[in-house]
Amino acid sequence: MTYWVVFSVINTTDRFLNIILTFIPFFNFFKIVFYIWMFHPKTKGAYIVYNKIIRKFLKKYESEIDEKLNKIQETIEEATPILKDAATNLKKKGVDEVTKRTIQ
């Protein structure tokens, strides 16, 4: 699991920095070597990157991240009944329309 957390952070960062980093000679080769280092069980590279960098960042911003996640959860909970009603209405209209067209 640690590997996938680190991989996703690096992959997301790479998307933004790729324009600059592609000018570095052998960048893609070093990136592949880095991914192998992270994935290999003997080196435990993903564990090292997570504990040295990502974990510290997450701890530093933990309260802000939790606050944003709580706001997202509240928004989803508020929207759920509205979306259920909309889906029910669409379903009813769709069934009514199909029935109407079938009868004609």
Side-chain angles (χ1 to χ4, degrees):
M1 182 76 168
T2 304
Y3 170 79
W4 291 110
V5 171
V6 175
F7 177 81
S8 64
V9 169
I10 291 172
N11 197 28
T12 304
T13 307
D14 183 46
R15 298 266 180 194
F16 295 108
L17 297 177
N18 198 28
I19 297 168
I20 299 167
L21 296 176
T22 54
F23 291 111
I24 298 173
F26 302 108
F27 171 71
N28 287 326
F29 172 75
F30 290 126
K31 187 165 64 168
I32 291 169
V33 170
F34 179 70
Y35 283 136
I36 293 170
W37 173 77
M38 280 197 327
F39 185 70
H40 201 280
K42 285 188 179 181
T43 60
K44 296 183 181 180
Y47 181 78
I48 293 168
V49 171
Y50 179 81
N51 283 323
K52 299 280 184 183
I53 299 169
I54 297 173
R55 186 171 186 204
K56 290 179 183 179
F57 177 82
L58 291 175
K59 284 288 185 188
K60 183 177 179 181
Y61 295 103
E62 181 177 13
S63 62
E64 293 175 39
I65 293 169
D66 288 342
E67 183 181 316
K68 298 289 182 188
L69 289 174
N70 287 335
K71 285 183 182 179
I72 291 169
Q73 183 177 1
E74 289 171 9
T75 303
I76 290 171
E77 288 172 357
E78 290 171 5
T80 300
I82 297 167
L83 293 173
K84 280 184 180 179
D85 289 343
T88 303
N89 290 336
L90 283 173
K91 181 180 174 185
K92 185 177 180 333
K93 286 180 184 178
V95 169
D96 290 345
E97 187 66 31
V98 169
T99 305
K100 182 176 154 183
R101 289 181 187 220
T102 305
I103 293 173
Q104 292 176 351

Between [X] and [Y], is there a shared hydrophobic cluster once you connect ILVMFWY residues whose side-chain heavy atoms come closer than 4.5 Å?
| X | Y | answer |
| --- | --- | --- |
| I36 | F34 | no |
| I20 | V9 | no |
| F26 | F23 | no |
| I32 | V49 | no |
| I10 | F27 | no |

Between [atom1] on residue [X] and [atom2] on residue [Y], distance to nearest 0.5 Å:
| X | Y | atom1 | atom2 | result |
| --- | --- | --- | --- | --- |
| N28 | T22 | CG | OG1 | 8.0 Å |
| I24 | L17 | CD1 | CG | 9.5 Å |
| T75 | E78 | OG1 | CD | 5.5 Å |

Salt-bridged, E67 to K71, with N to O below 4.0 Å? yes
Can you find a pair of side-chain heavy atoms, one from T12 and one from F16, that are under 4.5 Å apart? yes
Kindly state each residue pair satisfying salt bridge (charged side-chain N to carboxylate O under 4.0 Å, His left out) with at least one member in residues 52-62, sequence neighbours excluded. none
Is the side chain of [X] donor-acceptor paired with the backbone N or O of [Y] at a distance under 3.5 Å, no angle test?
| X | Y | value |
| --- | --- | --- |
| N51 | Y47 | yes |
| N70 | D66 | yes |
| T43 | W37 | yes |

Counting only heavy atoms from other residues, nucleotides and ligands, does the tally under 6.0 Å from CD1 of I19 exceed 12? no
Ring-plane angle category for Y3 and F39, please: parallel below 30°, perpendicular beyond 60°, tilted otherwise. perpendicular
Parallel, tilted or perpendicular for F57 and Y61, by the 30°/60° rule? tilted
Check the pair K31, L21 against side-chain contact (heavy atoms from CB on, under 4.5 Å), reporting the backbone distance first and the verdict last. CA-CA 10 Å; K31 187 165 64 168; L21 296 176; over 6 Å; no
Determine the minimum heavy-atom distance between T80 and I76, stating which atoms define it. OG1-O, 2.6 Å
Which residue, F7, F29, F30, forms the ring-ring contact (aromatic ring centres under 6.0 Å, His included) with Y35? F7
